[in-house]
Amino acid sequence: MSLSSEKIGEVLVISASGQINSANAAEVETGLLGYVERGERLCALDLSGLDYISSAGLRVILMLAKRLKQNSGQLVLCSLQPHVHEVFDISGFLAILTVVDDRATAVARLAAA
């Protein structure tokens, strides 16, 4: 599992690749929440490189969304692979998180926020 980030205007784009599972969820959570602690408010999470997400990984993403909201920020997910999208759908997370098709749409949506 790896995280990388890129700043586009006021929006931080975080790219996740590999897997988020119970073995690495705590480490991923620390990495993601670290961005918020450093003052980031508008985050796009690009999951195009994410091959697998477990329930522990879903919890991490929900924690990130909640922490951003507490800081008057916003999270937009983008570029979910079909099987990862299905996990979000089945879990009901598509109803509570903002998910768009691609990175450009995510950045535009956050920039307009």
Side-chain angles (χ1 to χ4, degrees):
M1 173 66 210
S2 68
L3 294 174
S4 61
S5 64
E6 169 188 7
K7 192 82 175 196
I8 302 175
E10 293 295 311
V11 178
L12 180 71
V13 179
I14 306 165
S15 298
S17 61
Q19 299 184 355
I20 305 176
N21 53 41
S22 57
N24 66 9
E27 178 186 341
V28 174
E29 181 175 343
T30 299
L32 290 174
L33 295 181
Y35 292 116
V36 181
E37 289 164 11
R38 290 190 291 277
E40 297 297 341
R41 287 183 40 255
L42 301 174
C43 294
L45 190 55
D46 182 341
L47 300 181
S48 59
L50 193 69
D51 302 321
Y52 172 82
I53 189 165
S54 70
S55 59
L58 290 172
R59 188 191 72 75
V60 168
I61 291 177
L62 190 59
M63 288 293 301
L64 175 62
K66 284 184 176 181
R67 188 71 53 87
L68 283 165
K69 189 172 185 178
Q70 289 170 351
N71 293 354
S72 302
Q74 190 175 352
L75 175 68
V76 175
L77 307 179
C78 66
S79 306
L80 279 67
Q81 294 196 33
H83 50 283
V84 172
H85 190 278
E86 185 177 354
V87 172
F88 277 85
D89 187 22
I90 291 169
S91 66
F93 276 48
L94 291 182
I96 57 175
L97 297 171
T98 304
V99 179
V100 298
D101 290 339
D102 56 52
R103 179 186 284 224
T105 303
V107 170
R109 181 171 228 163
L110 287 164

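Note that these values count all heavy atoms, side chains included, but never hydrogens, waters or copies made by symmetry.
Scanning both residues, Glu29 and Val60, for their nearest heavy atoms gives CA-CG1, 3.7 Å. Considering all non-hydrogen atoms of both residues, Tyr35 and Ser4 come closest at OH-C, 4.2 Å. Listed here is the closest heavy atom pair of Ala44 and Leu110: N-CD1, 3.6 Å. Listed here is the closest heavy atom pair of Val107 and Ile8: CG1-CG2, 3.9 Å. The shortest non-hydrogen separation linking Ala56 to Ser22 is CB-CA, 3.9 Å. Pairing each heavy atom of Gln74 with each of Ala113, the nearest pair is OE1-CB, 3.2 Å.
Judged by distance alone, with hydrogens and angles left aside, the side-chain atoms of Asn24 form a donor-acceptor pair with the main-chain N or O of Gln19 at under 3.5 Å. Under a 3.5 Å cut-off, the side chain of Asn71 and the backbone N or O of Gly73 do not form any donor-acceptor pair.
A heavy-atom distance below 4.5 Å is found between the side chains of His85 and Leu94. Under the 4.5 Å side-chain criterion, counting only non-hydrogen atoms from C-beta, Asp102 is not in contact with Cys78. Using a 4.5 Å heavy-atom threshold, the side chains of Gln81 and Asp51 count as touching. You'll find the side chain of Val76 stays beyond 4.5 Å of the side chain of Val11, heavy atoms only.
The CD1 atom of Ile61 sits 8.5 Å away from atom CZ of Phe93, with the distance rounded to the nearest 0.5 Å. Note that the CG atom of Leu12 and the CG atom of Leu68 stand 9.5 Å from one another [nearest 0.5 Å]. Atom CG of residue Leu50 and atom OG of residue Ser15 lie 11.0 Å apart, to the nearest 0.5 angstrom. Put simply, CG on Asp101 and CG on Leu77 are 12.5 Å apart, with the number rounded to the nearest 0.5 Å. Once rounded to the nearest 0.5 Å, the distance linking NZ of Lys7 with CD of Glu40 reads 3.5 Å. To the nearest 0.5 Å, atoms CG (Leu33) and CZ (Arg38) are separated by 10.5 Å.
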| said: For Arg103 and Ser48: C-alpha separation, side-chain torsions, deciding distance, then whether side-chain hydrogen bond (donor to acceptor under 3.5 Å, both in side chains) applies. | reply: CA-CA 9 Å; Arg103 179 186 284 224; Ser48 59; 6.0 Å; no
| task | Go through the steps to decide whether Glu37 and Arg67 satisfy the test side chain to side chain contact (heavy atoms under 4.5 Å, CB included), and finish with yes or no. | result | CA-CA 9 Å; Glu37 289 164 11; Arg67 188 71 53 87; 4.1 Å; yes
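Residue Met63 is not grouped with residue Val87 when hydrophobic side chains (ILVMFWY) are merged at heavy-atom distances under 4.5 angstrom, including chains of intermediate members. Ile90 and Ile53 end up in different hydrophobic clusters when Ile, Leu, Val, Met, Phe, Trp and Tyr side chains are linked at under 4.5 Å.
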